[in-house]
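Input: a single structure, listed below in structure tokens.
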Amino acid sequence: MSALDFTGTSASHDLLAGLNEQQQASVLAIDGPILVVAGPGSGKTRVLTHRIAYLMEVEGVPGDRILAVTFTNKAAREMRARIEQLRHGRPLDGVVMGTFHAFGARLLRENPGVVADRLRILPQFTIYDTADQAEIVKAALTSLGLDPKLFQPRRILGRISAAKSQLITPDEARNLAETYDEEVIARVFKEYERLLRRANALDFDDLLTQPIHLFEEAPHLLERYQERFQHILVDEYQDTNRVQYVLVSALAERHRNLFVVGDPDQSIYGWRQADIRNILDFEKDYPDARQIHLELNYRSTARIVEAADRVIRENVARIDRRLRTDNDEGEPIVLRELTDQAHEAQFIADEIRRMAQFQDVAYDDIAIMYRTTAQSRALEEALRFRGLPYQVVGGVRFYERKEIKDVLAVLRLLHNPADTVALERIIGNLPMGRGLGPRALEAITTWAAAERRTMLDGFLAVAGRGATETAPALSGAARSAAQRVGATIAGLHEMLIDEPLTALFDAILDRTGYGATFDRTEEEDLDRWANILELRSELERLGDDAARETLPQYLERVALVADVDTLDTDERGRVTLITLHSAKGLEFPVVFVAGVEEGLLPISRAIENEHLRPEELEEERRLFYVGMTRAERLLYLTYVSSRATYGKVGYSVPSRFLTAIPNHLVRSLGRRGSLRTEGKAGLRDRVRGEPPPAVAAPAPPVVTYQAGQKVFHPKFGEGVVREATERAGDQEVAVEFVRHGTKRLLASLAAMETLD
DNA sequence: GCGCGACTAGGCGGG
DNA sequence: CTAGTCGCGC
């Protein structure tokens with residue numbers, strides 16, 4: 001045996017060591033399409049990292065022939081680091097690893113010539129975020145003479161995005177339109193696209209659809225990439241949408257080595273058009289696909305695994321599987337009711353403090369998860385009050401803060417002179433735009449349209465810095481203001497050539513007058529100023545190269561950061577506050593899920609649509625499942641009896657999802673912290689005690705049901721009891737409702753009346 | 001065209 | 001509650 005062979009075998013052993021049979025199979029299945037269905041905590045990331053290392057080390061696949069798509073930049077970074085570790089520190093050169101959106105942007109930037117010629121998109125295109133998109137929708141509505149109140153921009157935007165992520169063009173949307181509303185949306189869609197192109201801007205959907213158009217327009221490019229990517233791996237496959245699927249399958253066509261990993265039970269992005277069919281139909285589209293199941297959970301205690309499994313099994317639209325573990329029982333899941341969200345936050349904070357003090361739990365081992373970002377405030381307050389360190393993931397994102405967007409608008413405009421949203425933002429928010437109102441802007445827009453120039457050209461022309469013979473017709477105050485703007489932008493633009501970004505940044509704050517608007521004695525302004533400084537230090541880190549060089553990459557990175565990307569896992573000693581959505585893919589020894597209530601989890605909208613769109617409710621359940629399965633050792637579920645939303649106090653009921661968790665896995669804590677061993681009985685008592693004490697109604701008598709009995713349910717209407725079984729001092733009844741089919745309910749929870 | 005207080009309408013998640 | 005819009009006087 002040659003030395004070379006020996007090395008190969010050793011590397012192979014190295015990379016398979018510690019993997020179970022299915023995991024090994026996933027690493028070793030080199031050729032052809034493979035679908036790995038991986039339950040939570042089943043070692044999916046290990047499989048991906050080991051597989052890539054194996055491809056390179058053992059199979060000798062060059063790095064640049066591998067494409068790995070992850071859900072977040074953070075996941076890509078971590079995967080890269082882990083693979084380098086597996087390769088004993090050797091760097092992972094060439095491997096393309098990142099989100100779909102980053103990859104899409106890269107494809108477009110890599111082919112500036114074709115992109116400009118065929119797609120009419122210039123290489124310095126701006127990536128518009130949701131707020132920018134909404135501005136374009138508003139402009140489109142105005143241009144079509146439609147009332148933004150009748151057609152809410154955010155709703156329209158959602159519809160446009162949905163169409164785009166299914167590769168539907170404006171014209172197709174028009175043909176598909178069945179209602180007046182849909183027809184209007186199609187018209188706005190068309191205008192939206194026109195305005196976007198004119199601003200040389202792309203929205204997030206474009207980052208996926210435009211590469212597809214690029215490949216349609218230039219098949220030779222597609223062939224080149226098809227040839228290049230010998231192996232394609234996709235993580236979180238259950239959350240990919242139609243466009244992503246089309247893109248990936250186009251690229252995989254040549255070598256057919258498409259390796260996708262996902263879990264239908266963790267699909268939580270339906271609202272972003274994630275198409276679960278991508279995973280369910282994988283074998284239909286790839287008849288030769290192999291399917292590997294990873295069902296053994298290594299992450300959580302047996303109690304957590306069983307509880308989560310019970311919860312998810314309530315979903316109807318689901319492939320029947322069972323999540324298992326060999327881990328020890330662990331501690332019971334703690335279920336806790338609190339009176340309101342302030343108490344909930346206090347309870348959580350006190351538990352954290354107690355654990356840190358007496359059980360030596362590190363703060364960064366703890367996460368608090370919730371359905372809506374609004375919930376984080378009360379939690380933050382409680383933690384701050386006790387001096388407990390924490391970090392919030394998400395919420396108002398740094399790059400979406402007003403002061404940050406204001407400054408970035410100038411940088412964006414300098415980079416892409418056609419960026420009208422940035423320009424209008426500058427005019428509206430920076431002192432240099434004072435004196436310019438809708439009328440002046442309209443005059444400039446009209447001029448720009450007639451001259452086939454950008455709005456910025458209009459300002460430059462007024463300032464005598466333009467390349468045109470005419471200039472927009474402005475007079476008086478508006479004229480001098482426009483001159484000021486034009487001259488300032490022209491001056492800043494010159495700095496791009498050889499000044500570093502920080503110098504440019506300082507000049508922006510100075511010359512636009514924006515820096516002077518901060519009152520350093522006001523607390524709020526001080527906060528905003530701190531953000532400005534944070535932005536500056538970020539630019540400082542980019543070095544002293546000319547802004548011309550560093551700005552493009554900076555703007556792209558800013559546009560594509562995800563909330564979780566900002567999560568600092570290296571930073572020791574801080575509790576993580578995070579939404580359930582962002583928590584996907586993460587794990588923590590201790591997890592609190594707060595607000596496990598009807599209306600919040602599941603969210604009220606899903607409840608309202610319960611009968612029309614039951615899949616929304618199932619997605620909520622999956623979201624809860626994702627949250628539960630983040631926990632390794634300890635899981636706390638809390639809910640409150642009264643929650644204030646928008647200043648109004650409402651009474652809440654524990655989430656229906658909780659009823660699926662068997663008693664023996666749970667330890668319920670009573671309101672005063674007294675430890676009571678109780679499961680559903682306790683839950684039931686508290687649900688019953690839900691009305692305000694002052695008007696407390698007498699508890700309804702405990703009814704026992706029997707098969708054949710006619711009942712009336714407040715929501716489901718009339719039905720007949722088909723089956724009634726005793727369960728933990730309660731009854732589980734299967735009722736066949738006239739209008740809603742058969743439901744399994746707990747007698748104590750379902751406020752049904754008997755009709756006989 | 002600006003800045004102020006009054007009013008109201010959201011009512012989720014995010015690359 | 002809070003961001004965004006409206007209508008007013010300057």
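Convention: sequence-line order gives letters A, B, ...; per-chain numbering from 1. Keep in mind that what you see is a predicted model, and the values were worked out from it rather than measured.
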Calculate the interatomic distance between [X] atom [atom1] and [N] atom [atom2]; express it in whole Å.
| X | N | atom1 | atom2 | result |
| --- | --- | --- | --- | --- |
| A:R434 | B:dG1 | CZ | C1' | 11 Å |
| A:K402 | C:dT2 | NZ | C1' | 16 Å |
| A:R484 | B:dG1 | CZ | C1' | 13 Å |

Do the side chains of A:N278 and A:R242 get nearer than 4.5 Å, heavy atoms only?
-> yes

Taking atom types as modelled, is there a side-chain donor on [X] or [Y] under 3.5 Å from an acceptor on the other?
| X | Y | result |
| --- | --- | --- |
| A:Q124 | A:N416 | no |
| A:Q238 | A:E236 | yes |
| A:S655 | A:E597 | no |

Q) How is A:R377 classified with respect to the nucleic acid when contacts are heavy atoms under 4.0 Å: base, sugar-phosphate, or nothing? A) sugar-phosphate

The contact string for nucleotides 10-15 of chain B, one letter per nucleotide 5' to 3', using protein heavy atoms under 4.0 Å with B, S and - for base, sugar-phosphate only and none, comes out as BBBBBB

Between A:D263 and A:K44, does any side-chain N to carboxylate O distance fall below 4.0 Å?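 A salt bridge is absent here (no side-chain N lies under 4.0 Å from a carboxylate O).
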
Presence of salt bridge, A:R425 and A:D132, under 4.0 angstrom:
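A salt bridge is absent here (no side-chain N lies under 4.0 Å from a carboxylate O).
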
Spacing of the P atoms in B:dG13 and C:dG4 (rounded, Å):
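After rounding to an integer number of Å, I get 15 Å for this pair.
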
